[in-house]
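All remarks here apply to the structure that follows.
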Amino acid sequence: MSKQARIVPVILSGGAGTRLWPASREAYPKQFLPLLGERSTFEETLARVGDRAIFADPVIVTGEDFRFLVADQLARAGTPGRIVLEPMRRDSGPAIAVAAELVAAADPDAVMLVLAADHLVTDAAAFAATAEAGLAVAEAGALVTFGIRPTHPATGYGYIRPGDVMDGRVRMVAAFKEKPDEETAKTFLAEGYLWNSGNFLFRADVFLAELARFEPEIAGAAKAVAASMSVDQAGSITFERIDREAFAASPAKSVDYAVMERTDRAAVIEADYAWSDLGSWDALWEASPKDGHGNAARGAVSLADTRNSYVSSDEVHTAVIGLDDVVVVATKDAVLVAGRQVAGELKTLVQDLRAGDAQRRRLAEEHRKVLRPWGSYESVDRGERFQVKRIVVKPGARLSLQKHFHRAEHWIVVKGTATVEVDEVTRIVRENENVYIPLGAWHRLANEGKIPLELIEVQSGSYLGEDDIVRSQDDYKRV
């Protein structure tokens, strides 16, 4: 491996941010959404570290619920990578510690590039050049963070006061500063402070040594995790699982509090590209292309006498007239209308939804269209004792062998050809044909064709919840 290729990207993609609700939800968070352009921010992050003359294959640390989203988007990007599954969220410190143990075990001299999966970087070439510019200092033992030159006195970011020059564009960190109020942020801008982007470059062994110095419990748990990893094979996809008990022994703490704000090895390199963490609708408005009135529009949208607003609609045509500085986001099952700067209030709203009844909780946790490793399903209609779904199964995929205690199902194929097993009897169901699944029958659905299989499912029974599923066999290890 060349010197440059020892930069191993570690992409943290386990967060479930709600500050972009209703587009971003617990089961399908913002890093996997195409918020700007056709690719998600996770796919854009993969592309930024795609030059194999500089970067090794990435290590992706994510959650159990997102494992197939990560695998699908890795495959779509044509990028190989290690997928490491956290059994629970313990903040960035423990996640990076486990990745550092795995990277150091494969290459003791490796330099890690730690990235968040949900950040926007406008210039991939400048990003790669910044990583290369910090490499020598990182190899010499510095823990390098990427600082962003502020464009305005932001109160939602932490700041860095640069110190003495170390090498070229790299300087010592004189101080880390917490998120300021607006007046303090203006002072920081005047004094040359940088935004703390939360992206880091350092040797895995150096980081682990500093972690052991300041947070021995996190370091010990990471070492125990690395020694107890298990491999889970789901078809052609390999997942590396973190042991739950070993990981739970680690305190939950951010990498900033655990190491970066306490070490005397912290350095900062000023990035020369535009950056955003896309942490609010206002930030997404800032990053989006705009019309002559300052409006950013996405999807089926009409605007009149409206300025400096962000309007997005998935399907329903959305018209906004006579409003300024607003966010209007229409999805298939929820609509948000708010002032642009509502990050705190939006978080409270989502917390209220989670504390509500089952229908309100669903609005916080998942979209009407729910992704599954085999495809997707979408609720079309629902009554007291029935539900209608549209189901799409990928070519070559199949659902688990399962049964239900409280509902029967009726499937009508509208596209493709289904292979259906009901109580050990298999039949082929073609377009415009149907099959009935009695309550309590073991059944399985497969798409052995070359095109997506689409069908309408009518459920009827006394209970229609997704937890009324008993699996006996499953290609995706969900039994």
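Here the structure is a predicted model, which is why all the values come from computation and not from measurement.
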Proximity of F239 and F68 rings by center, below 6.0 Å: yes

What is the ring orientation for [X] with [Y], classed by angle as parallel under 30°, tilted 30 to 60°, or perpendicular over 60°?
X	Y	answer
F207	F202	parallel
F42	F32	perpendicular
Y159	F188	tilted

Do [X] and [Y] make a side-chain contact, defined as non-hydrogen atoms from C-beta onward lying under 4.5 Å apart?
X	Y	answer
W442	L401	yes
Y157	L194	no
H367	K332	no
T41	Q31	yes
V61	V98	no
I148	Y273	yes
L115	V49	yes
T62	L69	no

Roughly how far, to the nearest 0.5 Å, is the [atom2] atom of [Y] from the [atom1] atom of [X]?
X	Y	atom1	atom2	result
L12	H119	CG	NE2	9.5 Å
L201	E132	CG	CD	10.5 Å
S462	L439	OG	CG	7.5 Å
M229	D243	CE	CG	9.5 Å
L208	E101	CG	CD	4.5 Å
W374	I391	CH2	CD1	5.5 Å

Derivation and outcome, side-chain hydrogen bond (donor to acceptor under 3.5 Å, both in side chains), residues R213 and T263: CA-CA 9 Å; R213 178 180 164 201; T263 182; 4.6 Å; no

Might you point out which heavy atoms bring [X] and [Y] nearest each other, and give the distance in Å?
X	Y	value
K394	P373	NZ-O, 3.3 Å
G63	L85	O-CD2, 4.0 Å
S13	V70	OG-CG2, 4.1 Å
W21	A364	NE1-CA, 4.1 Å
F247	M88	CE2-O, 3.3 Å
K30	D277	NZ-O, 2.8 Å

Kindly check if the number of other-residue, nucleotide or ligand heavy atoms within 6.0 Å of [atom1] ([X]) is above 12?
X	atom1	value
F405	CZ	no
K403	NZ	yes
Q351	CD	yes
R390	CZ	no
E466	CD	yes

Hey, is the main chain of [Y] close enough, under 3.5 Å, to the side chain of [X] for a donor-acceptor pair?
X	Y	result
D167	V137	no
H443	Q402	yes
S92	V255	yes
R161	A175	no
R39	L36	no
R89	G14	yes
R90	P251	no
R360	D357	no
R265	G141	yes
T187	E183	yes

Intermediate values then yes/no, side-chain hydrogen bond (donor to acceptor under 3.5 Å, both in side chains), R25 and T331: CA-CA 12 Å; R25 305 194 195 182; T331 67; 3.1 Å; yes

Check against side chain to side chain contact (heavy atoms under 4.5 Å, CB included), L211 and I96: CA-CA 10 Å; L211 184 68; I96 294 171; over 6 Å; no

I469 vs H404, side chain to side chain contact (heavy atoms under 4.5 Å, CB included): CA-CA, chis, key distance, verdict: CA-CA 5 Å; I469 299 178; H404 314 290; 3.7 Å; yes

Criterion side chain to side chain contact (heavy atoms under 4.5 Å, CB included) on S400 and R478, from CA distance to verdict: CA-CA 8 Å; S400 60; R478 296 173 300 168; 4.3 Å; yes

Intermediate values then yes/no, side chain to side chain contact (heavy atoms under 4.5 Å, CB included), F127 and T45: CA-CA 11 Å; F127 172 84; T45 304; over 6 Å; no

R241 and E64 ion-paired at < 4.0 Å: yes

Sole candidate of R171, R149, R169 that passes side-chain hydrogen bond (donor to acceptor under 3.5 Å, both in side chains) when paired with E270: R149

Identified side-chain hydrogen bond (donor to acceptor under 3.5 Å, both in side chains) partner of Q387 from the options R407, R382, E409: R382

From CA spacing to verdict: side-chain hydrogen bond (donor to acceptor under 3.5 Å, both in side chains), S40, Q73: CA-CA 9 Å; S40 69; Q73 295 198 4; 2.6 Å; yes

